[in-house]
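Since this is a predicted model, take the numbers as computed values, not measurements. Hydrogens, waters and symmetry mates play no part in the numbers below; they use all other heavy atoms, side chains included. One-based numbering along the sequence shown.
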Amino acid sequence: MKDWWKRKREKARGRRKSVGDRYTIGEMIADILFWAPEIILLPFRLLFCGIRGLWRYIDIS
């Protein structure tokens, strides 16, 4: 059992070392899918917060 575990661990370590710090296509697609809604909704959120802040400023004064 120990031999099997050592071989498995060395294979996993070898795969990790071979990939290194490269940016893969899968990571790029995941980043795009994660950030696309944020980039699209950011102007609307800024506009909403600005109008709400302006309304509170006018309402208090």
Side-chain angles (χ1 to χ4, degrees):
M1 185 70 171
K2 286 185 179 183
D3 293 333
W4 172 80
W5 183 252
K6 286 180 183 179
R7 283 187 311 229
K8 182 178 176 180
R9 189 171 60 193
E10 286 182 18
K11 282 183 184 178
R13 285 182 179 173
R15 272 190 243 129
R16 263 190 267 148
K17 287 181 181 178
S18 66
V19 172
D21 291 332
R22 289 182 285 166
Y23 193 66
T24 64
I25 293 175
E27 290 173 342
M28 181 183 71
I29 292 172
D31 284 343
I32 290 171
L33 290 175
F34 179 75
W35 281 103
E38 292 293 327
I39 292 171
I40 292 169
L41 295 176
L42 180 65
F44 297 110
R45 289 194 337 212
L46 289 174
L47 185 65
F48 175 74
C49 290
I51 291 172
R52 190 173 69 179
L54 184 64
W55 181 256
R56 287 184 180 178
Y57 179 75
I58 293 170
D59 192 36
I60 292 173
S61 297

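Other members of the hydrophobic cluster containing Leu47, listed by chain and number, are Ile51; membership follows side-chain contacts under 4.5 Å among ILVMFWY residues, whether direct or relayed.
A single hydrophobic cluster is not seen to contain both Phe48 and Ile40; linkage of ILVMFWY side chains at heavy-atom distances under 4.5 Å, directly or through other members, places them apart. Cluster membership for Phe34 and Ile39, using ILVMFWY side-chain heavy atoms within less than 4.5 angstrom, is shared.
The distance from atom CE of Met28 to atom CG of Leu33, rounded to the nearest 0.5 Å, is 10.0 Å.
Residue pairs meeting the salt bridge (charged side-chain N to carboxylate O under 4.0 Å, His left out) criterion with at least one partner in residues 33-44, sequence neighbours excluded, are Glu38-Arg45.
Residue-environment remark: CD1 (Ile25) stays at or below the threshold of 12 foreign heavy atoms within 6.0 Å.
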